[in-house]
Amino acid sequence: QVHVVESGGGSVQAGGSLRLSCAASGRSFVTYVMGWFRQAPGKEREFVASIPFSGGWPNYADSVKGRFTISRDNAKNTVYLQMNSLKPDDTAVYYCNANVEWKPRQYMSVWGQGTQVTVSS
C-alpha cells in the first residue's frame with residue numbers, strides 16, 4: 001500500500017502565504033505524478049497543480065497561475081505547494097494526490113486526508 005500525508009495548512013489573511021507539503025510512503029513504489037486539488041464548501045473538488053516526477057513541466061489551474069508554485073523532492077517522494085498572494089477564494093480543503101506504480105504494471109491513484117486552508121479578508 002502507498003499512503004500520502006499532507007501538512008502545512010492553516011489560517012492566513014488575504015495577501016499572505018502558506019506552504020503545503022505532501023509525502024508519499026509505502027513499499028517499493030514508483031511515483032509518476034503528484035499534485036494538489038482543493039474543495040471549497042458546497043463546491044466540487046478542483047485541480048490546483050501537478051508535477052511529474054520524471055521530467056516535464058508543472059501544470060497549474062488558471063486561477064492560481066503566478067501565485068502558486070509546485071515543486072518536488074524525488075528522493076523524499078514529497079511535493080510542495082508554495083501559495084503566495086492568497087485570496088479568500090483560495091479557502092478550501094487541499095488534497096494531495098499521487099499516481100504511483102505500486103507493483104510492476106499495477107497503478108493506483110492515492111489521496112490524502114486533506115488539510116484546511118482558510119484565507120480571511
| request: Decide whether Val12 and Trp36 are clustered together by the hydrophobic rule: side chain heavy atoms of Ile, Leu, Val, Met, Phe, Trp, Tyr closer than 4.5 Å, transitively. | output: yes

| query | Are there more than 12 heavy atoms of other residues, nucleotides or ligands under 6.0 Å from atom CD of Gln39? | reply | yes

| query | Between Glu6 and Cys96, is there a donor-acceptor pair closer than 3.5 Å when you use the side chain of the first and the backbone of the second? | reply | yes

| request: State yes or no: do Leu86 and Val48 share one hydrophobic cluster built from I, L, V, M, F, W and Y residues joined by side-chain heavy-atom distances below 4.5 Å, directly or via other members? | output: yes

| field | Hydrophobic cluster membership, Tyr95 vs Phe68, 4.5 Å side-chain cutoff | value | no

| Between Gln82 and Ser17, which heavy-atom pair has the shortest distance, and what is it? | NE2-CB, 3.9 Å

| request: Would you confirm whether Thr91, through its side chain, and Val119, through its main-chain N or O, come within 3.5 Å as a donor-acceptor pair? | output: yes

| field | Single-linkage hydrophobic cluster, 4.5 Å side-chain cutoff, Tyr60 and Val33 together | value | no

| Looking at Leu20 and Tyr94, what are the two nearest heavy atoms and their distance? | CD1-CB, 3.7 Å

| message | Can you confirm whether Met108 sits close enough to Phe29 that some side-chain heavy atom of one is under 4.5 Å from a side-chain heavy atom of the other? | response | no

| query | Do side-chain atoms of Thr115 reach the backbone of Gly9 as a donor and acceptor pair under 3.5 angstrom? | reply | yes

| query | Between the main-chain N or O of Ile51 and the side-chain N or O of Asn59, is there a donor-acceptor pair closer than 3.5 Å? | reply | no

| Taking everything shown except Gln113 itself, do over 12 heavy atoms lie less than 6.0 Å from its CD? | no

| query | Any side-chain donor-acceptor pair under 3.5 Å between Ser25 and Asn77? | reply | no

| Pro88 versus Ser121, closest heavy-atom pair with distance | CG-CB, 3.9 Å

| query | If every non-hydrogen atom of Trp111 is compared with every non-hydrogen atom of Val4, which pair is closest and at what distance? | reply | C-CG2, 3.4 Å

| Shared hydrophobic cluster, Val79 / Leu18 (ILVMFWY, side-chain heavy atoms < 4.5 Å) | yes

| said: With a sphere of 6.0 Å drawn around CD of Glu44, does it hold more than 12 non-hydrogen atoms of other residues, nucleotides or ligands? | reply: no

| request: Go through the steps for Asp90 and Lys87 under the test salt bridge (charged side-chain N to carboxylate O under 4.0 Å, His left out), then give the verdict. | output: CA-CA 5 Å; Asp90 295 317; Lys87 305 174 182 179; over 6 Å; no

| field | Ile70 versus Met34, closest heavy-atom pair with distance | value | CD1-O, 4.0 Å

| said: Under a 3.5 Å distance rule, please check whether Arg72 uses its side chain to pair with a backbone N or O of Pro52 as donor and acceptor. | reply: yes

| query | Of the non-hydrogen atoms in His3 and Val110, which two are nearest, and what is the gap between them? | reply | CA-CG1, 4.1 Å

| query | Any side-chain heavy atom of Lys43 sitting closer than 4.5 Å to one from Arg38? | reply | no

